[in-house]
Colleague: 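What follows is a structure written as structure tokens; I'll ask about it next.
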Amino acid sequence: MKQNLILLLIAAAVSCFAIKIDRNYTVRSQIKSPIPAEKTAEKELKTYLAKIFGPATESGKKAVILRYDSNAGREEFRISEDSRGNVIISGGRPRGVLYGSYYFLDRYLGVRWLTPEVEVVPKKSFVKIDRLDYHGKPSFNARILQTAQHRKKPVNSIRWSARNFINSGFANVFETDPDYGEELVFSPPAACHGLFHIIKPAMFFKDHPEFWALQDGKRTHRDKRGLTADYCLTNEKLAGATAAECRKYLAKNPTARYISIQEGDFTRGYCECTPCKELVRKCGNRESGRWVFFANKVAKELKKDFPKTKLLIFAYTASRQPPENIKADDNVCVQLCAWNNRRGLPYDHPKNRGGRTLLKQMQQWKQVCKNILLWDYTYGYADRLMQTPDLLNNVENFKSFKKIGADGIFAENGVISDFSFCMPLRAWLLSRLMWNPDECGDGRELVRDFCSNYFGKVSGKAVADYYLKLCDINAKQKFVNVATGGGTIGNARFLSAPVTADSYLKLKKAFDEEKNPEYKVRLRRVLLPVEYQVLRDYTNVAATGKIKIPQEQLANDILQSLDAEKTSSKGLIARMKGFIKSLLKLKNIKAQASILYSRYYPAQAYDGNLRTCWHAANGAGWCQIEFERPREISRITTVFGYYDNIARGENAIQGSLNGKDFFDIIPRRKIRGNKQLYWVYTDDKLARPVKVKFVRTRCFSAFTKNNRRNDVVLQEQYFNLKTLPEELAQKQQ
């Protein structure tokens with residue numbers, strides 16, 4: 001009896017905290033001289049409370065009260081209640097009150113801003129909340145997500161970002177909108193690869209060639225785009241010139257969080273001068289030591305006048321490993337890139353060696369530099385329609401990033417309005433993870449929440465089941481080798497013919513039965529990646545007996561869907577249409593490989609076109625062709641790539657009559673390109689002809705002329721040529 005009384009008292013105590021939000025609530029700001037973002041918060045609350053409950057009654061005695069808290073951080077807020085049942089939203093500037101208002105509407109009242117164009121607002125007479133006491137603070141200071149096409153930043157994308165707590169896009173990143181509290185995350189001239197845009201060859205090379213890398217005894221600024229432009233980072237005058245140019249930009253943008261002085265893509269040749277080589281040696285033979293040394297020099301020049309801006313450098317490809325015996329200054333930030341990692345399992349999974357290496361490197365970098373901005377690749381950027389099973393892995397990954405203490409996250413994810421696989425769900429989920437991954441559970445309910453709202457309850461269930469099924473199949477298999485660019489290394493069950501056929505039939509049924517025209521348009525996009533996989537694996541999928549549609553008709557259906565695209569970029573549409581057409585051209589070439597990476601299909605190694613190839617993605621693999629019937633081979637001409645990409649490597653060529661038992665035609669051997677020629681190839685004239693039905697080429701390694709390990713490709717392979725193609729005599733430029 002006594003225990004029951006205690007329970008009743010506890011229940012009564014809890015119930016007294018419950019409040020009922022309805023149309024009797026007004027919105028009242030108690031902020032003196034509110035900034036634009038705080039005015040937006042008041043306006044948005046009034047608008048959406050009216051949409052949910054109907055117009056507020058004039059006699060309403062309760063209110064949602066907005067207050068500025070000078071002790072709160074820039075994006076920090078608190079949602080609470082007072083003894084009268086008023087809702088109190090207080091926060092810092094510039095986005096605390098705004099974020100608190102959006103959080104209240106979304107998490108407590110059920111409003112969903114799914115895309116910049118699609119919102120879902122529930123119609124209710126009231127919402128009962130048991131207790132209001134939430135302290136909001138972002139897990140990552142910089143939360144960067146692509147929302148719009150490059151160089152475009154429409155108001156609806158800015159608004160969507162604010163409503164979902166993203167504080168920087170990656171389109172036109174140098175525009176801000178005070179109505180939504182936007183700050184400048186990146187200063188011009190570039191959001192990445194910035195040094196080439198600051199120290200331009202056209203401005204400096206003539207008078208200061210010593211700014212650039214010494215290579216083979218000469219100073220060179222390499223290609224015009226700066227993607228491989230290399231600098232002499234120990235040069236004192238270079239650091240001074242860089243600081244002077246940065247100062248010009250920051251004078252116009254003094255509040256910018258970062259200014260990029262980062263290296264270019266695919267840096268191939270670091271400086272060979274004595275000071276640079278000596279510095280690398282002192283830093284544990286880590287190329288990253290040059291960049292920390294250089295950034296410290298520039299940071300020291302800028303710290304006094306621009307204390308809030310951090311000098312941004314990369315930890316990327318050759319500079320990814322943290323240096324020894326050097327520390328970064330407090331106003332330096334390292335952007336670590338999750339380049340070439342495997343995404344089939346969470347990064348911290350015991351089987352994900354590359355992922356665990358990334359997390360370890362993040363921890364090691366934290367010992368060198370307290371500010372870490374992670375660049376994570378959360379979609380198959382090289383092939384937007386390729387299915388991936390890594391959606392839920394992001395939940396665990398972001399928890400790991402938070403635990404390590406990343407300052408910020410840039411998720412390279414594609415544009416919300418594009419037809420990329422799993423969009424726009426993935427962008428919406430990532431926005432929640434960036435705010436606080438610990439609030440997202442395992443992500444499954446969020447997937448179902450989005451799909452139900454975006455596709456309708458019935459079709460939404462089918463779509464959510466499809467996305468989650470891919471995740472579950474892969475998690476059960478524990479298949480790790482899903483490449484960041486798209487594609488798999490090995491036999492992934494989530495891409496198997498039975499799974500593809502089943503997914504196609506269920507989604508096609510949902511599409512055919514859906515009556516809502518808006519949902520139907522969205523479902524058509526969900527079908528595209530599945531149809532694409534059917535086309536990529538047509539022979540095996542057709543063999544299941546479940547799919548009867550002819551290959552050409554399926555390709556035409558996909559092309560028609562791409563033609564009907566209204567919001568994706570023209571370049572992306574043209575690119576994917578090219579992929580579809582190339583698949584049809586290759587349909588009669590029977591080829592397989594250890595990896596199917598992006599658009600680099602195995603058949604492209606045998607199509608007679610030197611400009612197409614099969615790509616091994618991670619540095620090793622095999623590719624093979626199957627002839628219609630056994631044939632005698634007496635000469636094999638194999639093109640491994642161009643000299644800048646592969647100066648040397650190892651390979652072997654094998655044959656088989658049954659596709660199972662292989663024998664050596666050319667045993668494992670080392671190859672080396674001719675530095676005078678553009679193409680690297682071998683021309684093997686066999687001592688005795690061999691009879692084969694299968695020819696498999698195994699590529700074990702590839703190195704650039706600067707001894708950097710590189711991915712291997714099989715550019716083209718010819719059999720029984722009488723004369724070599726003229727292109728193979730092409731000279732280096």
Side-chain angles (χ1 to χ4, degrees), residues 112-120 146-149 156-157 160 378-391 413-430 447-471 486 494-495 500 503-536 549 553-580:
R112 295 288 184 268
W113 294 287
L114 304 175
T115 76
E117 292 77 29
V118 179
E119 68 177 21
V120 175
Q146 293 159 293
T147 55
Q149 302 291 351
N156 58 349
S157 290
W160 183 89
T378 53
Y379 76 130
Y381 56 86
D383 194 339
R384 305 292 184 85
L385 287 181
M386 188 173 289
Q387 299 172 103
T388 55
D390 60 339
L391 178 66
N413 187 60
V415 177
I416 296 175
S417 59
D418 281 345
F419 54 74
S420 302
F421 171 71
C422 207
M423 289 291 267
L425 163 60
R426 192 171 53 239
W428 183 81
L429 177 61
L430 287 172
V447 172
R448 296 197 180 281
D449 184 321
F450 181 94
C451 291
S452 178
N453 282 303
Y454 192 70
F455 300 102
K457 288 186 177 181
V458 177
S459 294
K461 183 180 184 307
V463 175
D465 287 346
Y466 159 61
Y467 288 140
L468 295 175
K469 181 179 179 180
L470 296 183
C471 296
F494 77 95
L495 291 178
T500 300
S503 297
Y504 174 82
L505 292 174
K506 289 181 178 178
L507 290 174
K508 188 68 165 60
K509 181 176 184 292
F511 174 79
D512 290 340
E513 294 178 355
E514 181 56 61
K515 305 300 181 184
N516 184 306
E518 290 185 358
Y519 294 160
K520 206 171 183 72
V521 169
R522 297 168 193 169
L523 283 166
R524 187 68 194 89
R525 275 190 163 189
V526 178
L527 262 171
L528 269 174
V530 188
E531 292 176 326
Y532 182 51
Q533 180 59 26
V534 173
L535 193 64
R536 285 161 53 91
I549 184 170
Q553 182 183 334
L554 179 61
N556 286 331
D557 287 349
I558 298 173
L559 291 172
Q560 288 179 12
S561 294
L562 294 174
D563 282 333
E565 274 293 323
K566 302 296 184 184
T567 59
S568 296
S569 71
K570 292 180 180 179
L572 177 58
I573 293 170
R575 183 182 182 190
M576 291 310 307
K577 288 173 70 174
F579 289 5
I580 303 304

Colleague: Do any N or O atoms from the side chain of S420 and from the backbone of M423 form a donor-acceptor pair under 3.5 angstrom?
Modeller: no
Colleague: Side chains of residues 459-466: which donor-acceptor partners sit under 3.5 Å, not counting sequence neighbours?
Modeller:
unit_1, atom_1, unit_2, atom_2, d
S459, OG, E514, OE1, 2.5
K461, NZ, D465, OD2, 2.9
D465, OD1, R448, NH1, 3.0
D465, OD1, R448, NH2, 3.3
Y466, OH, Q387, OE1, 2.6

Colleague: Where is the tightest heavy-atom contact between C422 and Y467, given as atom of each residue plus distance?
Modeller: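 In terms of heavy atoms, the two residues are closest at CA-OH, 3.6 Å.
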Colleague: Tell me, please, which residues at least two apart from K520 pass salt bridge (charged side-chain N to carboxylate O under 4.0 Å, His left out).
Modeller: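 Expected list: none.
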Colleague: If we ignore hydrogens and angles and just use 3.5 Å, is the side chain of S568 paired with the main-chain N or O of F419 as donor and acceptor?
Modeller: yes
Colleague: Minimum heavy-atom separation for Y454 to V118, with atom names?
Modeller: CE1-CG2, 4.0 Å
Colleague: Which heavy atom of L470 sits nearest a heavy atom of F494, and at what distance?
Modeller: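 Smallest interatomic distance, heavy atoms only, reads CD2-O, 3.8 Å.
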Colleague: I need the single residue from V415, T115, I416 that forms a side-chain contact (heavy atoms from CB on, under 4.5 Å) with T147. Which is it?
Modeller: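 Per the side-chain contact (heavy atoms from CB on, under 4.5 Å) rule, the option paired with T147 is I416, out of V415, T115, I416.
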Colleague: Find out whether T378 and L391 are in side-chain contact, i.e. whether some heavy atom of one side chain is under 4.5 Å from a heavy atom of the other.
Modeller: no
Colleague: If I take atom CD1 from residue I580 and atom OH from residue Y532, how far apart are they, to the nearest 0.5 angstrom?
Modeller: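 Result: 5.5 Å between the selected atoms.
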Colleague: Among residues at least two apart in sequence or on other chains, which ones pass salt bridge (charged side-chain N to carboxylate O under 4.0 Å, His left out) with R384?
Modeller: D418
Colleague: Can you tell me if R525 uses its side chain to pair, donor with acceptor, with the backbone of F421 under 3.5 Å?
Modeller: no
Colleague: Give, for atom CD1 of I558 and atom CG of D563, the distance between the pair rounded to the nearest 0.5 Å.
Modeller: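 These two atoms lie 12.0 Å from each other.
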Colleague: Atom CG in N516, atom CZ in F455: separation rounded to 0.5 Å?
Modeller: 12.0 Å
Colleague: Is there a donor-acceptor pair under 3.5 Å between the side chain of T500 and the backbone N or O of Q533?
Modeller: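 Pair absent, no side-chain N/O of T500 close to backbone of Q533.
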Colleague: Just to verify, what does M386 make a side chain to side chain contact (heavy atoms under 4.5 Å, CB included) with, not counting sequence neighbours?
Modeller: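 D383, R536.
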Colleague: Could you work out, with salt bridge (charged side-chain N to carboxylate O under 4.0 Å, His left out) as the rule, every residue matching E518, not counting sequence neighbours?
Modeller: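 Scan of E518 (salt bridge (charged side-chain N to carboxylate O under 4.0 Å, His left out), adjacent residues dropped) gives R522.
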Colleague: Using 0.5 Å steps for rounding, measure from the CD1 atom of I549 to the CD atom of E531.
Modeller: 7.0 Å
Colleague: Rounded to the nearest 0.5 Å, how far apart are CG of L527 and CG of D512?
Modeller: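 Separation between the atoms: 8.5 Å.
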Colleague: Under the rule for ring pair (Phe, Tyr, Trp, His ring centres under 6.0 Å), what residues qualify as partners of W428, not counting sequence neighbours?
Modeller: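 Here the qualifying residues are F450.
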Colleague: What's the separation between atom CE in M576 and atom OG in S561, rounded to the nearest 0.5 Å?
Modeller: 12.0 Å
